[in-house]
Number of protein chains: 2
Amino acid sequence: MAETARHSEPRYGNRPTMKDVAARAGVGLKTVSRVVNGESGVTSDTERRVQEAIEALGFRRNDSARVLRKGRTASIGLVLEDLADPFYGPLNRAVEEVARAHGALLINGSSAEDPEREQELVLALCARRVDGLIVIPAGDDHRYLEPEIAAGVATVFVDRPAGKIDADVVRSDSFGGARDGVAHLIANGHRRIGFIGDQPRIHTAIERLRGYHAAMEDASLRVDESWVSLGTTAPDRVATAVTTLLDAPDPVTAIFSGNNRVTVTAVRTLAGRKRPTALVGFDDIELADLLGITVVSQDAAALGRTAAESLFRRLEGAGGAPDQKVLPTRLIARGSGEIPPHEG
Amino acid sequence: MAETARHSEPRYGNRPTMKDVAARAGVGLKTVSRVVNGESGVTSDTERRVQEAIEALGFRRNDSARVLRKGRTASIGLVLEDLADPFYGPLNRAVEEVARAHGALLINGSSAEDPEREQELVLALCARRVDGLIVIPAGDDHRYLEPEIAAGVATVFVDRPAGKIDADVVRSDSFGGARDGVAHLIANGHRRIGFIGDQPRIHTAIERLRGYHAAMEDASLRVDESWVSLGTTAPDRVATAVTTLLDAPDPVTAIFSGNNRVTVTAVRTLAGRKRPTALVGFDDIELADLLGITVVSQDAAALGRTAAESLFRRLEGAGGAPDQKVLPTRLIARGSGEIPPHEG
DNA sequence: TAGAGCCTGGACAACGTTGTCAGGGGAATG
DNA sequence: CATTCCCCTGACAACGTTGTCCAGGCTCTA
């Protein structure tokens, strides 16, 4: 009593340790460890005694201590932009399944698109000594990760490449997808097409904008700079952007939206207007089939799965230069993208 | 060299430790600890030297060791049914925000509605010595948690109560919500109403079914047992159930669906039929406003927030008997629930 | 029956950190 | 100038586990 009274905190509510189990079973400490870890070299009789003691005491191995000793935590970190965004649900789940298959737990958190918060979260995960990291970058400078990567933390970036460091990336073909989507509108007769996308700080936003410009250029179409609205994801701003595009003196006849959140608001806004306007959105949305929304779909689950598999390959020792995997997108025509242009 | 060669694994890729920092800064180990933890009692000159050494070596505190010593991990576990289910996104996010406000990390995983997998996951989290657990139960027997709870792992169940143990619960008013939803259909003239819900093993499914029966009884309406379909969430089964209900000789004129996944499939199936059929669903769905789907909405984010706050209150020492919080639901009329009955 | 070899079990150190405590040096005071 | 006190610093043990190594007992063989 006196010897533990020195410590101020109660410590895990006084859980039994291997020492306690050993005492109760009348065996040595290491024998308990062997039983718990299923190692060989324990008589079945001894094993039974140990098991009984474990049962009786409600012992559960302390993985913190184990981790400290072994140097591997069997956990990986996932930093995404917003856990509540439906786009990341399947991605999250896919990563989890791969982690589970490798016996690892998943620690995750949202950066809320804030580079500072991303760094804070990533470093907290590194302090926990996660074996690996999957990061959907919010910031554009990841040099703060250099010491971590050097120290052996496997890192894979998803959706967007890392900033200012060379690392594995798994992403969708934003450029090609946007180009295809806009080309689809052009094929349906549109000549004046608006683009509403995310902040240009974000790599995917730039790529999609590039795709937009490429498609327009391929068709020798002029782009009026007033047609492009960037940094626009908040619902009110998207609504304003849509209205502005359509109420201009020489309005666009179609809109390409740069991500799922923009699409949702755009659909709502368009629904409130008299005349139907063509729309193609990047990212699929649940129930988009019923609403007839034409989208450029990216496979979020495949992104997560691919990234997690790359990560574990690295953890298993795969070397080689950082590689970049680009997954294809798929245009799904459902009606909104096939609406013909109306005369202004 | 010879003394470390005994160990087989490279150990965190040889990261610097406080000892290394101390040696480089020419100070004692404990002084480094003090600086890292921002404790008082260090000259600013000494602190600067230590900071420089930390910077130069790329030192990052090993939280595993810290956890072992301190007995608190500053992490909580969240076990939900499916990370990919859009219903859990906002819940997940809300829990994360509360955890973040308390300086804790979130470890999470999916039970996939499998009780065994739930237990496996929960116990893995306990082995990590998470400070607390938030569990959306898949199983109906949680006695396996008794030693953990006794050992001080704060536990809050969400969405459904724990099985065979007494613990804190935060859930929506499934009974009342379903009753209101069905009553709404009755108020719109329906007399024959179908119910499609989840497995009766799941508490919310039973409650919602009870609500359905209560509303029917309140209106003195007979319920034909063929109108009730349970254990039906897989898309093909839901589609079959809907079709069966509507193609019966004496068909129902309205359907109440027991959760978001059922609703989605039901909407799809109904969309493929000639005649519109009234529908009210439990759980809101993104874009349901545009589709005009009347729902009984529960606030997933509030569930998560409330649960996490209860958890941290317990962690901060709040005692008292386990309590049950029931959050209200809200009927949102959008059209599908106001379709009048058609004559069979 | 004695020796060799194998199998089981336990003592011990180490993982990297933090709590405790004691010592040393400087400033303030008589 | 001596003494007291306080502040800063560092040595040390402990957290609970696992890797290493050694001892003792057993079996098997010559």
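In what follows, chains are A, B, ... by sequence order, proteins preceding strands, each numbered from 1.
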Short side-chain to backbone donor-acceptor contact, E96(B) and S110(A), under 3.5 Å
yes

Are any of T46(B)'s side-chain N or O atoms less than 4.0 Å away from OP1 or OP2 of dT9(D)?
yes

Given axes from five pairs at either end, by how many degrees does the helix from dT1(C)-dA30(D) to dG30(C)-dC1(D) bend, rounded to 10°?
50°

Under the side-chain contact (heavy atoms from CB on, under 4.5 Å) test, which residues partner D20(A), sequence neighbours left out?
P16(A), T17(A), L57(A)

Which residues pass the salt bridge (charged side-chain N to carboxylate O under 4.0 Å, His left out) test with E148(A), not counting sequence neighbours?
R15(B), R60(B)

Pairwise N/O distances under 3.5 Å, protein to nucleotides 23-26 of chain C:
none

Who passes salt bridge (charged side-chain N to carboxylate O under 4.0 Å, His left out) against R128(A), sequence neighbours left out?
D63(B)

Least distance between heavy atoms, V153(A) atom then G132(A) atom
CG1-CA, 4.2 Å

Confirm from the modelled atom types if R66(B) and dT17(C) form a donor-acceptor pair under 3.5 Å, side chain to base only.
no

Would you kindly give the CG-to-C1' distance between D20(B) and dT17(C), to the nearest whole Å?
13 Å

A162(B) and V169(B) have their tightest heavy-atom pair at N-CG2, 4.4 Å

Here the residues of residues 26-34 of chain A within 4.0 Å heavy-atom distance, strictly under, of DNA chain D are L29(A), K30(A), S33(A)

Tell me: CG of L68(A) to P of dT18(C), nearest whole Å?
12 Å

Partners of E39(A) by side-chain contact (heavy atoms from CB on, under 4.5 Å), sequence neighbours excluded?
K30(A), R34(A), N37(A)

Nucleotide dA11(C), atom P - distance to CE of M18(A) in whole Å:
16 Å

For R48(B) and dT9(D), give me the distance from atom CZ to atom P, rounded to whole Å.
12 Å

Between R201(B) and A138(B) (side chain of the first, backbone of the second, donor and acceptor by atom type, cut-off under 3.5 Å), is there such a pair?
yes

Starting at atom CZ of R69(A), determine the distance to atom P of dT17(C), rounded to an integer number of angstrom.
16 Å

Starting at atom CG of D63(A), determine the distance to atom P of dT17(D), rounded to an integer number of angstrom.
9 Å

Does D114(B) have any side-chain contact (heavy atoms from CB on, under 4.5 Å) partners at least two apart in sequence or in another chain, and if so, which?
E116(B), R117(B)

Under the ring-ring contact (aromatic ring centres under 6.0 Å, His included) test, residues paired with Y88(A) that sit two or more places apart:
none

Specify the separation, in whole Å, of atom CD1 of I54(A) and atom C1' of dG16(D).
14 Å

Output all residues satisfying side-chain contact (heavy atoms from CB on, under 4.5 Å) with L121(B), sequence neighbours left out; order by chain, then residue number.
L105(A), V79(B)

Is R48(B) salt-bridged to E52(B), cutoff N-O under 4.0 Å?
yes

Hey, is E81(A) close enough to R160(A) for a salt bridge, meaning N to O under 4.0 Å?
yes

Pairs of donor and acceptor atoms involving the side chains of residues 311-319 of chain A, under 3.5 Å and at least two apart or interchain, shall be tabulated with distances.
residue: R314(A); atom: NE; partner: D168(A); partner atom: OD2; Å: 2.7
residue: R314(A); atom: NH1; partner: A318(A); partner atom: O; Å: 3.4
residue: R314(A); atom: NH1; partner: G319(A); partner atom: O; Å: 2.7
residue: R314(A); atom: NH1; partner: G320(A); partner atom: O; Å: 3.1
residue: R314(A); atom: NH2; partner: D168(A); partner atom: OD1; Å: 2.9
residue: R314(A); atom: NH2; partner: D168(A); partner atom: OD2; Å: 3.3
residue: R314(A); atom: NH2; partner: A321(A); partner atom: O; Å: 3.0
residue: E316(A); atom: OE2; partner: H102(A); partner atom: NE2; Å: 3.4

DNA chain C contacts made by residues 35-45 of chain A, counting heavy atoms under 4.0 Å
G41(A), V42(A), T43(A)

So, is R61(B) close to the dT18(C) phosphate, meaning a side-chain N or O under 4.0 Å from OP1 or OP2?
yes

For dG19(D), take OP1 and OP2 only and decide whether either is under 4.0 Å from a side-chain N or O of K70(A).
yes

Nearest whole angstrom, please: distance from the P of dC15(C) to the CG of N62(B).
12 Å

